[in-house]
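Remarks on the structure that follows.
Throughout, numbering of the chain's residues begins at 1 and tracks the sequence. Only heavy atoms go into these numbers, but all of them, side chains included; no hydrogens, no water, no symmetry mates.
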Amino acid sequence: MALNGAMQTSVIGQGQKSSGADPEALETSYLQLLHLVERLHRQLLDVIKDELERLGQTDINSVQALLLYNIGDAELTPGELRSRGHYLGSNVSYNLKQLVEKGYIKDERSSTDRRSKRVSLTQSGLDIRDNLASLFERQLASVEQVGGVDYGLMESTNKALQRLERFWADQVRFRL
């Protein structure tokens, strides 16, 4: 989601009014938010990569490890992974194939619909999931004291991001 100067010319406008905020300030904040969302995702992947390296786990990448974490104890179809985890279709297929070959995921054909596959974690996949869960628990223990991010700030941030997610989904769904 690289943002270029063309987008920065004027996102706000076209007759829309904000709720009292200065349109230029709103535009600046919105563009900053877009950059932050992109950078935060990359930073999360870097944190996961660093943890994998500390554990000597070099056969999978951070995207694959996060995929394992998000599957968790569930048994899902690749389509459910795309819709729940917001992964790009080809990336899910490629990464699932890699993870099956490396023994982190088992995939089985559905007994009712032979065209459909269901995936779940093997013990090795569960171990990676557990390692990431431990990483996130360690971070949770210090995010307030070290990061200055408390419950109230997380709640308001989550609410804002959920609203943006719904807004962006509607942009695509209704071609706004």
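Cluster partners of V146: none. The rule joins Ile, Leu, Val, Met, Phe, Trp and Tyr whenever side-chain heavy atoms lie under 4.5 Å apart, and it links nothing here. When hydrophobic residues (I, L, V, M, F, W, Y) are linked wherever their side-chain heavy atoms come within less than 4.5 Å, the members clustered with L140 are V143, V149, L153, M154.
To the nearest 0.5 Å, the span separating CD on E38 from NE2 on H35 amounts to 7.5 Å. With rounding to the nearest 0.5 angstrom, the CD atom of Q98 is 11.0 Å from the CD1 atom of I105. Atom CG of L81 and atom CG of L76 lie 5.0 Å apart (nearest 0.5 Å). A distance of 9.0 Å separates CG in L126 from CG in L68, rounded to the nearest 0.5 Å. To the nearest 0.5 Å, atom CG of residue L52 and atom CD1 of residue I128 are 6.0 Å apart. Once rounded to the nearest 0.5 Å, the distance linking CD of E80 with OG1 of T77 reads 3.5 Å.
Applying the salt bridge (Lys or Arg N to Asp or Glu O under 4.0 Å) test to pairs two or more places apart or on separate chains, those with a residue in residues 121-138 are E51-R138, D73-R129. Counting only residues at least two apart or on different chains, the ring pair (Phe, Tyr, Trp, His ring centres under 6.0 Å) pairs with a member in residues 115-149 are Y69-F136. Applying the ring pair (Phe, Tyr, Trp, His ring centres under 6.0 Å) test to pairs two or more places apart or on separate chains, none has a residue in residues 36-62. Within the structure, the salt bridge (Lys or Arg N to Asp or Glu O under 4.0 Å) test picks out no pair touching residues 146-161 (sequence neighbours left out). Among residues at least two apart or in separate chains, side-chain hydrogen bond (donor to acceptor under 3.5 Å, both in side chains) pairs with a member in residues 53-62 are K49-E53, D50-R54, Q57-D59, Q57-Y104, D59-Y104.
One hydrophobic cluster, built from ILVMFWY side chains closer than 4.5 Å, cannot hold both L36 and L33; they sit in different ones. Under the 4.5 Å side-chain heavy-atom criterion for Ile, Leu, Val, Met, Phe, Trp and Tyr, V63 and L99 are members of the same hydrophobic cluster. With hydrophobic clusters built from ILVMFWY side chains whose heavy atoms lie under 4.5 angstrom apart, V37 shares a cluster with L164. If you chain together hydrophobic residues whose side chains sit under 4.5 Å apart, L135 and L55 never meet in one group.
Every residue two or more places apart in sequence or in another chain was checked for a side-chain contact (heavy atoms from CB on, under 4.5 Å) with T28, and none qualifies. A search for side-chain contact (heavy atoms from CB on, under 4.5 Å) contacts involving K106 returns E108, S120, T122, not counting sequence neighbours. For R175, there are no salt bridge (Lys or Arg N to Asp or Glu O under 4.0 Å) partners at least two apart in sequence or on another chain. For D107, the side-chain contact (heavy atoms from CB on, under 4.5 Å) partners at least two apart in sequence or on another chain are V100, K117, V119. Every residue meeting the side-chain contact (heavy atoms from CB on, under 4.5 Å) condition with E24, not counting sequence neighbours, appears here in chain and number order: D22.
With a 6.0 Å radius and a threshold of 12 heavy atoms from other residues, nucleotides or ligands, K97 has its NZ atom at or below the threshold. Other residues, nucleotides and ligands contribute more than 12 heavy atoms inside 6.0 Å of the CD atom of Q171.
Within the 4.5 Å cutoff, the side chain of L161 has heavy atoms near those of the T157 side chain. The shortest distance between side-chain heavy atoms of S93 and R82 falls below 4.5 Å. When side chains are defined from C-beta on, E27 counts as touching L31, because their heavy atoms get closer than 4.5 Å.
Pairing each heavy atom of L132 with each of A65, the nearest pair is CD1-O, 3.3 Å. Here the closest heavy-atom approach between residue S124 and residue G103 is recorded as CB-O, 3.8 Å.
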Evaluation steps, side chain to side chain contact (heavy atoms under 4.5 Å, CB included), between R109 and R118: CA-CA 6 Å; R109 294 260 176 226; R118 301 199 62 77; over 6 Å; no
